[in-house]
Amino acid sequence: MTTFQPLDVVRRSASVTTSPAPNRDVEVAKLIDVSKCIGCKACQSACLEWNDLKEPVGVNVGVYDNPHDLTPNTWTLMRFTEWENPTSGNLEWLIRKDGCMHCEDPGCLKACPAPGAIVQYANGIVDFQKANCIGCGYCVKGCPFNIPRISQVDHKAYKCTLCSDRLALGQQPACAKACPTSAIMFGTKAEMVAQAEKNVSILKTRGFDKAGLYNPPGVGGTHVMYVLHHADQPQLYAGLANNPRISPIVEMWKGVSKYAGMAVMGLAALVGVAHYAIKGPNKVSDEDEAQAKRLAEGKS
Amino acid sequence: MTNSWTDIKNTDLVLIMGGNAAEAHPCGFKGIIEARNTRGAKLIVVDPRFTRSASVADYYAPIRQGTDIAFLLGVIKYCIENDKVQWEYTKNYTNASFIVGEGFTYSDGLFSGYDEAKRDYDRKGWSYEVGEDGFAKVDPTLQHPRCVWNLLKEHVKQYTPELVERICGTPKDKFLHVAKAISETSAVDKAMTSMYALGWTQHSKGSQNIRCMAILQLILGNMGLRGGGMNALRGHSNIQGLTDLGLMSNLIPGYLTLPVEADVDFATYMGKRAFKPQRPGQVSYWQNYGKFFVSFLKSMYGTAATKENNFAYDYLPKMDVGSYDVLRAFEMMHQGKMNGYICQGFNPLMSFPNKDKVRAALGKLKFLVVMDPLKTETARFWEDHGEYNPNNPVDVKTAVFELPTTTFAEDEGSLTNSSRWLQWHWAGATPPGEAKTDTWIMAQLHLRLKALYAKEGGAFPDAITNLHWPYKNAADPQPAEIAKEINGYVLEDVENPTEPGKKLLEKGKQVAGFGVLRDDGTTACGCWIYSGCYNEAGNNMARRDNKDPDNTGAYLTWAFSWPANRRILYNRASADLTGKPWDPKRKIIEWNGEKWSGYDVPDIAPTAKPDTIMPYIMTEEGVGRLWVRGLMKDGPFPVHYEPFESPVVNVIAPKIQGNPAARVFKGDMANFGTAKDYPYAAVTYRLTEHFHYWSKHVSVNAMLQPEFFVEISEALAKEKKIEAGSWVRVWSMRGSVKAKAVVTKRIKPMQCDGKTVHIVGIPIHWGFMGAAKKGHGANTLTPFVGDANIETPEYKAFLVNIEPTTPPAVA
Ligand code: SF4
């Protein structure tokens, strides 16, 4: 495996300057073919083991998902959905490995007010730099996939690193290595897109006409992609965003003048917090968008 | 497995029935995905629950637990009626043409020869008709009314798709879909692999479940082929090794059998093991039994085993009952007839049926020795853990000794996997604390017991004091030493009869394989089927060369596969009567006019002519058995019986509910519940997040599935007013547990014989030790009855009731 130059930073949160643009030929990607996943959670345990994370033993609340959501220690989580396919009449048990999508256009990074707390490497990985994190939680709001979690212990944000530390040593991510069925594959983005095409065509021959690759353009594509049997309905897979986009609030505040920025940011954050309190994170409703637009246009 | 994990990729159809490979064997599951992606293979899952395997299947059909035989006999009928039979294979390679003796009958669920009082058959009447030449009579035209083929046809006749639906609850259209897909693999260029596990074995007719599929695979011509076979997925990494090495009460290594009381001397014992070929010119490989047996005795008793004393035959224990299986052992313990127990690598309190009975039995022991790397529930059975394990330590008089052992990762040795591969492994870590290897502990016991018998004598000390103990350090036998002993070695020079003066075997050398073992005391071998694993070429189990010419999946230079490094059993049957592969694309071995050769070690003598010696050399018939004479206690063909606890009446024979030849202890018969009090059909099983009762000691696994739960359908939840995630009480005739409720679409009520049958799924993994939440063990509920042939308990089908309840009291 080539090394993926993980330390060449192309973007840095809340910073005017970035490093001189390095070569981006070696963008990486993880491809998760949900049709091959048997929900064994080997990936989930590998993540805990490699990153030395401790998740407390919880309780059963009537489902197979444990813990019940991503946490500061659980950076990847198997989500199980039972779906009765109205067309075939058959039950389908859709199992999706949830975690950071490593967006090409990362909402968390854009939302982050702390210089250098979130960076994007030349290989596409979006990584949190703990030392710079101020624990404000804007990344949570900025993320269209509801991924980062703030630790109540050290008040820092946590999420999947795409094993940037392993990549630096020429190793693939721990989850990909642990997966027994090759449902998780890892390589350059070009390789993974090509691989996805093959997997999709196999699915089509098996009667999944709507099979396809999930690499959403709304965030510039992602460095974690899914092959879905029902690519026309991503939301079936435990609410995977149909058409994720960075919230206009975030786009807006990144867009305005750096100096006036802080005030607007405060406002946006307020809206964000209120929204979070009322509706929970991550769902950008029409109302939300309209309000953001008004904000951006200075009408409030 | 007759085939191997690496062979699954060669299949066209994977049938997972009686198992849940994705859940319990996730690493092996990659072969299925590969077969699908590279050859367009299909995966069909037949299971009472929509499992993780079903989640990636091409087709799923539900079936009520304990009705697999009805389903499979229905498929056999479908294949016969639709001419989906590999005829040449069936006629030549099975006993379809053999004629069964007059007087055999079958009616209302019983074969001829049944003795109700004994719950047993006189099996003599199930033999073949013998001709004047002393061989079994055959009718190659399959016209004779009593030839096996016609008896089979008659036997399966009643299992129509309608009857299958009535018994199994599988909707007719789904059954027919599955039957059709299976039947298509009768084509010479198609193969189906049957992947099963404890979903078939853990029934009172478990052995017959498997036989039923074996019959089907034979008539489809799927045995011996790449991508075919009967593939038992073993549930522990070395459980294959356990049975191979004879850790059953009635076996000695290599599937030889321990003498019974009636085998008063060596001649009587051997006389019963003549294994005479049933057809002219056939090879019956078990005719070599004496060579394997004597070589085993030489490895047991060394120089004390002489020709004069019949190789110390009299030192072997003689069984007074059929077997001392776990159910009998705990029954005896419960009656106070067994008062010491050494429990090595087992957790019977959690693993055996009827936990309350097991706990009471352990409390009647004088001493209990537990050898385990973990703090097992069995070792703590005397502790009070509230409702999870109510006990009063003051009342328990059993002395318990806990001897901490190493885990596989702290020890060197070999493990035998499902593929029959003996794979050597090396210690990866230093054992913690006082942990010792099992061999070290056994050696200490051995030496001390031997010294006691030498000093104090006793009724019959010879059998102990004469045990051969050839290890360099008697107190610490090394894995390599034991492996070499198992492989076998030469005790005396043996001259080559064809080249006088030349040695055939040289004293002190390892034997090359079981082919050279002898019954004159010149060779010793601990386990004949493992012979070849550590010979003069070295430790073949340690081989790690993964070359695989033409990607057949054989991997002949990776580890060692018993027997004789053969990767696919019965591979001779992959070629036709002229020795050509049925399907050239699936070639394994081929006859070149002089000998057999190919990708695998031929399962036949290399020069055995293809049209004279038939492929199934381990049977006396030389062919595969659609019909068994006396080997199965409960019948020459499988029959549908209900589980001992069943929600419905046996529709094919209302008077015969459970397997009529299964052993039931007196007190346990009264401990079966009826559908009136216990209306729901329960099944126990494993989850992928856990490994039995071990992984709950690991915090990561404990987190992934933290708490004991049961699974029920939305319909039952509604009927019983049970909410997802709430507490329920589940109880059977044997006991009661509290668990969280998982309400799921993956379990659906079934319609069986006009009755709605609800299923309650009960995963097994929780207990009162370890990192996970304390939980009631699933086996608090299970019935104390086993398979008629091998006594594997009926964990997969019993009756319970269920109701909402309050959380358990904190223990
Ligand atoms: S390890 Fe692979 S198969 Fe198992 S849950 Fe993760 S993605 Fe699915």
Side-chain angles (χ1 to χ4, degrees), chain A residues 33-50 52-68 71 73-74 77-78 80-84 88-95 178-183 195 198-199 201-203 205-208 229, chain B residues 20-34 36-38 40 42 50-60 687-689 695-696 698-709 711 714 717 722-726 739-746 748 770-773 775:
Chain A
D33 185 340
V34 301
S35 74
K36 288 196 202 171
C37 171
I38 51 176
C40 72
K41 303 188 188 172
C43 49
Q44 204 180 321
S45 22
C47 182
L48 290 165
E49 296 282 9
W50 173 258
D52 203 13
L53 300 167
K54 300 262 179 301
E55 186 67 45
V57 174
V59 292
N60 184 299
V61 295
V63 292
Y64 273 40
D65 315 33
N66 284 298
H68 315 126
T71 75
N73 295 313
T74 290
L77 174 70
M78 299 314 297
F80 296 79
T81 308
E82 295 173 353
W83 179 60
E84 248 137 16
S88 66
N90 289 336
L91 175 66
E92 293 183 29
W93 199 10
L94 305 172
I95 306 170
C179 177
T181 62
S182 306
Q195 178 68 47
K198 274 192 222 151
N199 294 15
S201 68
I202 290 172
L203 275 172
T205 63
R206 289 179 51 210
F208 294 101
H229 354 46
Chain B
N20 183 2
E23 190 95 32
H25 305 87
C27 290
F29 203 80
K30 60 163 78 77
I32 299 176
I33 303 268
E34 193 179 341
R36 165 186 280 168
N37 286 353
T38 58
K42 293 271 180 284
F50 189 95
T51 59
R52 274 176 163 105
S53 300
S55 80
V56 286
D58 295 284
Y59 199 79
Y60 164 74
L687 298 168
T688 199
E689 291 89 342
S695 59
K696 66 176 158 60
V698 181
S699 59
V700 169
N701 299 72
M703 184 279 294
L704 293 174
Q705 271 306 358
E707 200 169 21
F708 182 35
F709 64 88
E711 298 186 273
E714 291 174 340
I722 292 167
E723 279 179 33
S726 69
K740 286 285 184 69
V742 166
V743 178
T744 176
K745 295 187 200 307
R746 293 175 291 103
K748 297 244 153 70
K773 289 239 161 356

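All values reported here derive from a predicted model rather than from experimental measurement. The sequence lines fix the lettering, A, B, ..., with proteins before strands; numbering per chain opens at 1.
For Glu723(B), the side chain to side chain donor-acceptor pair (under 3.5 Å) criterion is met by no residue, not counting sequence neighbours. Asp58(B) pairs by the side chain to side chain donor-acceptor pair (under 3.5 Å) definition with Arg206(A), Arg36(B), not counting sequence neighbours.
Contacts of Ala702(B) with chain A are made by both backbone and side-chain atoms, with heavy-atom separations under 4.5 Å. With a 4.5 Å cut-off on non-hydrogen atoms, Ile95(A) touches chain B through its side chain but not through its backbone. Both the backbone and the side chain of Ala22(B) come within contact range of chain A, judged by heavy atoms closer than 4.5 Å. Contact of Cys179(A) with chain B is not made at all, since no heavy-atom distance falls under 4.5 Å. With a threshold of 4.5 angstrom between heavy atoms, Lys740(B) approaches chain A through side-chain atoms but not through N, CA, C or O. Proximity to chain A (any heavy atom under 4.5 Å) is restricted, for Val743(B), to the backbone atoms N, CA, C and O. Only the backbone of Thr51(B) has a heavy atom closer than 4.5 Å to any heavy atom of chain A. Heavy-atom distances place the side chain of Leu687(B), and not its backbone, under 4.5 Å from chain A. Interface residue Phe50(B): backbone and side-chain heavy atoms are both found under 4.5 Å from chain A.
Counting heavy-atom pairs closer than 4.5 Å to chain A, the top-ranked of the candidates Gly725(B), Pro706(B), Ser726(B) is Pro706(B). Counting heavy-atom pairs under 4.5 Å between each of Leu91(A), Val57(A), Asn60(A) and chain B puts Asn60(A) at the top. Chosen from Gln705(B), Arg746(B), Glu34(B), the residue pairing most often with chain A at heavy-atom distances under 4.5 Å is Arg746(B). For the set Gln44(A), Met78(A), Lys36(A), Glu49(A), the count of heavy-atom pairs under 4.5 angstrom toward chain B peaks at Lys36(A). Annotation: maximal heavy-atom pairing with chain B below 4.5 Å, among Ile202(A), Val34(A), Leu48(A), Val59(A), occurs at Val59(A).
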Please report the C-alpha distance between Arg52(B) and Trp93(A) in whole Å, then the side-chain angles of each, then the deciding distance to 0.1 Å, and finally whether the side-chain contact (heavy atoms from CB on, under 4.5 Å) criterion is met.
CA-CA 8 Å; Arg52(B) 274 176 163 105; Trp93(A) 199 10; 3.7 Å; yes
Can Lys748(B) and Glu82(A) be said to form a salt bridge (Lys or Arg N to Asp or Glu O under 4.0 Å), step by step?
CA-CA 13 Å; Lys748(B) 297 244 153 70; Glu82(A) 295 173 353; over 6 Å; no
Apply side-chain contact (heavy atoms from CB on, under 4.5 Å) to residues Leu704(B) and Ser45(A) and explain how you reach the verdict.
CA-CA 8 Å; Leu704(B) 293 174; Ser45(A) 22; 3.9 Å; yes
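Residue Pro180(A) comes nearest to Cys27(B) through the heavy atom pair CB-CA, 3.8 Å, listed as atom of the first residue, atom of the second, then distance.
Using modelled atom types and a 3.5 Å distance limit, the side chains of Glu711(B) and Tyr64(A) yield a donor-acceptor pair. Defined by atom type and a distance below 3.5 Å, a donor-acceptor pair is missing between the side-chain atoms of Glu92(A) and Ser55(B).
Considering CG of Asn199(A) and CG of Asn37(B), their distance stands at 6.5 Å, rounded to 0.5 Å. With rounding to the nearest 0.5 Å, the separation of CD1 in Ile38(A) from NZ in Lys30(B) is 9.5 Å.
Residues Lys54(A) and Met703(B) fail the side-chain proximity criterion, which asks for heavy atoms closer than 4.5 Å.
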